[in-house]
Amino acid sequence: MISKSILLILIGSALVTWIPRITPFILGKMVKFPKIVTRFLEYLPLSILFALLLETVFNAKAGHLAIPKWDIVIALVPTVITAVWLKDLMKTVVVGIVAMALVRLVM
Amino acid sequence: MKEIKTDPGYTTFRDGIKSCLPTVLGYLGIGFSFGIVGINSHLNLLEITLMSAIVYGGSSQFVMCGLLLANTSITGIVMTVFLVNLRHLLMSMTASPHFRDESLLKNISIGSLLTDESFAVFSTTVAQKKHFSLRWMEGLNVTAYITWIVATILGGLVGNFIANPEQFGLDFALTAMFAGLFITQFEWELTKNQKKPIYVVVSVGVSLYLMLFLVSSSLAVIISALVGCFVGGVMNDK
């Protein structure tokens, strides 16, 4: 049903994902983070969401200049317009998927 | 324990489910794609379901499929997953102070299910200065978790019939969701300060592009996010 090596990979990956996720919650119970850290982290949501968004746009390999994935760039145009205009995440995702399917049909 | 008054709509578990709903479609699209990709990477339904249940990290699961197909060693895969998911450390550091007064076990349960998307919904709620309860956060997290697993199974079931989910644009659900979540957060930050969010975003963009040349993309995300925090943190509130 499940091979031993896959099981090892799953357990190992689960642990290395879980530990960084929970450590701050455990530490946060014991110590209060310095004010300066909290002040900087206030900008984390904005920063990390933008970084994650941009990362999906680029074809990147260390040592080479990142190249935009043009199909994603094109599909992003109607997606962003929908997000700004309708302010509805669900509709944004639908428009995005349809736009991408159309772009791939043509390209 | 401190009694904090919560805003209506952010109190009960059911409120949490409601707050999660806008992201549900995104999770379904990405989880469904993952199920298909997993089956086509020679994993079985049990293995992909287990992966979604215990690793629970969207992009890292796609990376794992690619590495399995490339016959990467166990340590190689685990190390890569660690790097791809390390950004959660920053998100947990940002979210955890809001749950200080809750028990250790509750804190661990919130941290265990924190994702990019649930963190984004949480952060927008914080940016809107809404008061929320632990139950609300649990509703948000658990809904996302169940959706992710169900979507994985559904994708896994049709995985033998579809080789390439990309032709349906489903993989774009990830980008679209990040775009929508980012714009919501950006607009809220702009209402508080008209210049700072722009500087933060530009600094993240420039540093991400430079970092993609120097390091792996998962590290580039972490470093550029820290640059954004630094720019936001040192600028005066004007």
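Since we're looking at a predicted model, the values are computed, not measured.
Contacts between B/Leu43 and chain A at a heavy-atom distance below 4.5 Å involve the side chain alone, from C-beta outward. In this structure, chain B has no heavy atom under 4.5 Å from any part of A/Thr82. In this structure, chain B has a heavy atom under 4.5 Å from the side chain of A/Ile6, while its backbone stays farther away. Using a 4.5 Å cut-off between heavy atoms, A/Phe40 touches chain B through backbone and side chain atoms alike. Contacts between B/Leu212 and chain A at a heavy-atom distance below 4.5 Å involve backbone atoms as well as side-chain atoms. Using a 4.5 Å cut-off between heavy atoms, B/Leu68 contacts chain A through its side chain alone, with no backbone atom that close. Residue contact with chain A, scored on non-hydrogen atoms closer than 4.5 Å, involves the side chain of B/Leu46 exclusively. Of the two parts of B/Leu104, the backbone and the side chain both hold a non-hydrogen atom closer than 4.5 Å to a non-hydrogen atom of chain A. The parts of B/Thr23 that come within reach of chain A are both its backbone and its side chain, each placing non-hydrogen atoms under 4.5 angstrom from that chain. For a residue to count as touching a neighbouring chain, one of its non-hydrogen atoms must lie under 4.5 Å from one of that chain's; by this rule B/Met79 does not touch chain A. At a 4.5 Å heavy-atom cutoff, the contact between B/Phe119 and chain A is made by side-chain atoms alone. Contacts of B/Glu189 with chain A are made by side-chain atoms alone, with heavy-atom separations under 4.5 Å and no backbone atom involved. The part of A/Val37 that comes within reach of chain B is its side chain, from C-beta onward, which places non-hydrogen atoms under 4.5 angstrom from that chain. Proximity to chain B (any heavy atom under 4.5 Å) is restricted, for A/Arg104, to the side chain, taken from C-beta onward. In this structure, chain A has a heavy atom under 4.5 Å from the backbone of B/Val215, while its side chain stays farther away. There is no contact between B/Thr184 and chain A, counting heavy-atom distances below 4.5 Å.
Ranked by heavy-atom pairs under 4.5 Å with chain A, the list B/Leu219, B/Asp171, B/Val234, B/Leu210 is led by B/Asp171. Ranking A/Met30, A/Lys91, A/Lys29 against chain B, the residue ahead of the rest is A/Lys29, based on heavy-atom pairs under 4.5 Å. In terms of non-hydrogen atom pairs under 4.5 Å with chain B, the most contact-rich of A/Gly96, A/Pro45, A/Ala60 is A/Pro45. Most heavy-atom pairs under 4.5 Å with chain B, from the set A/Ser13, A/Ala75, A/Gly12, A/Gly28: that is A/Ser13. Interface remark: of the candidates A/Thr56, A/Val95, A/Leu52, A/Leu52 forms the most heavy-atom pairs closer than 4.5 Å to chain B. Options B/Leu208, B/Asp116, B/Val231 differ in how many heavy-atom pairs under 4.5 Å they form with chain A, and the most are formed by B/Leu208. With chain A as partner, the option from B/Asn44, B/Val201, B/Ile77, B/Thr80 having the largest number of non-hydrogen pairs under 4.5 angstrom is B/Val201. Taking B/Phe230, B/Phe168, B/Phe186 one by one and counting their heavy-atom pairs under 4.5 Å with chain A, the maximum is reached by B/Phe230. Counting heavy-atom pairs closer than 4.5 Å to chain A, the top-ranked of the candidates B/Met211, B/Lys106, B/Glu187 is B/Glu187. Among B/Ala176, B/Gly57, B/Gly26, B/Ser112, the residue making the largest number of heavy-atom pairs under 4.5 Å with chain A is B/Ser112. Among A/Ile19, A/Thr92, A/Thr79, the residue with the largest count of heavy-atom pairs under 4.5 Å with chain B is A/Thr79.
Screening A/Asp71, A/Val103, A/Leu76, A/Val93 for a side chain to side chain contact (heavy atoms under 4.5 Å, CB included) involving B/Phe172 leaves a single residue, A/Leu76.
Using a 4.5 Å cut-off on side-chain heavy atoms (C-beta onward), B/Leu140 and B/Thr125 make no contact. The shortest side-chain heavy-atom distance between A/Val106 and A/Leu102 does not fall under the 4.5 Å cut-off. At least one side-chain heavy atom of B/Phe62 sits under 4.5 Å from a side-chain heavy atom of B/Ser33. A/Ser3 places a side-chain heavy atom less than 4.5 Å from the side chain of B/Glu47. You'll find the side chain of B/Met64 stays beyond 4.5 Å of the side chain of B/Thr72, heavy atoms only. Here the side chains of A/Leu46 and B/Lys196 are not in contact, with every heavy-atom distance at 4.5 Å or above. Residues A/Pro20 and B/Phe82 form a side-chain contact, since some pair of their non-hydrogen atoms from C-beta on lies under 4.5 Å apart. Residues B/Ser59 and B/Val84 are in side-chain contact: their nearest non-hydrogen atoms beyond the backbone lie under 4.5 Å apart.
Taking the six-membered ring for Trp and thresholds of 30 and 60 degrees, A/Phe50 and B/Phe182 have ring planes inclined between 30 and 60 degrees apart.
Within 6.0 Å of OH on B/Tyr199 lie no more than 12 heavy atoms contributed by other residues, nucleotides or ligands. Within a 6.0 Å radius of NZ in A/Lys87, other residues, nucleotides and ligands contribute more than 12 heavy atoms.
The CD1 atom of B/Ile108 sits 12.0 Å away from atom CG of B/Leu113, with the distance rounded to the nearest 0.5 Å. Taking CD1 from B/Ile198 and CG from B/Leu190, the interatomic distance works out to 5.5 Å, rounded to the nearest 0.5 Å.
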**Study point:** Trace of the side chain to side chain donor-acceptor pair (under 3.5 Å) decision for B/Gln61 with B/Trp148
**Key:** CA-CA 12 Å; B/Gln61 294 179 214; B/Trp148 181 246; 3.2 Å; yes

**Study point:** Working for ring-ring contact (aromatic ring centres under 6.0 Å, His included), residues B/Phe122 and B/Phe99
**Key:** CA-CA 12 Å; B/Phe122 167 81; B/Phe99 299 96; 5.8 Å; yes

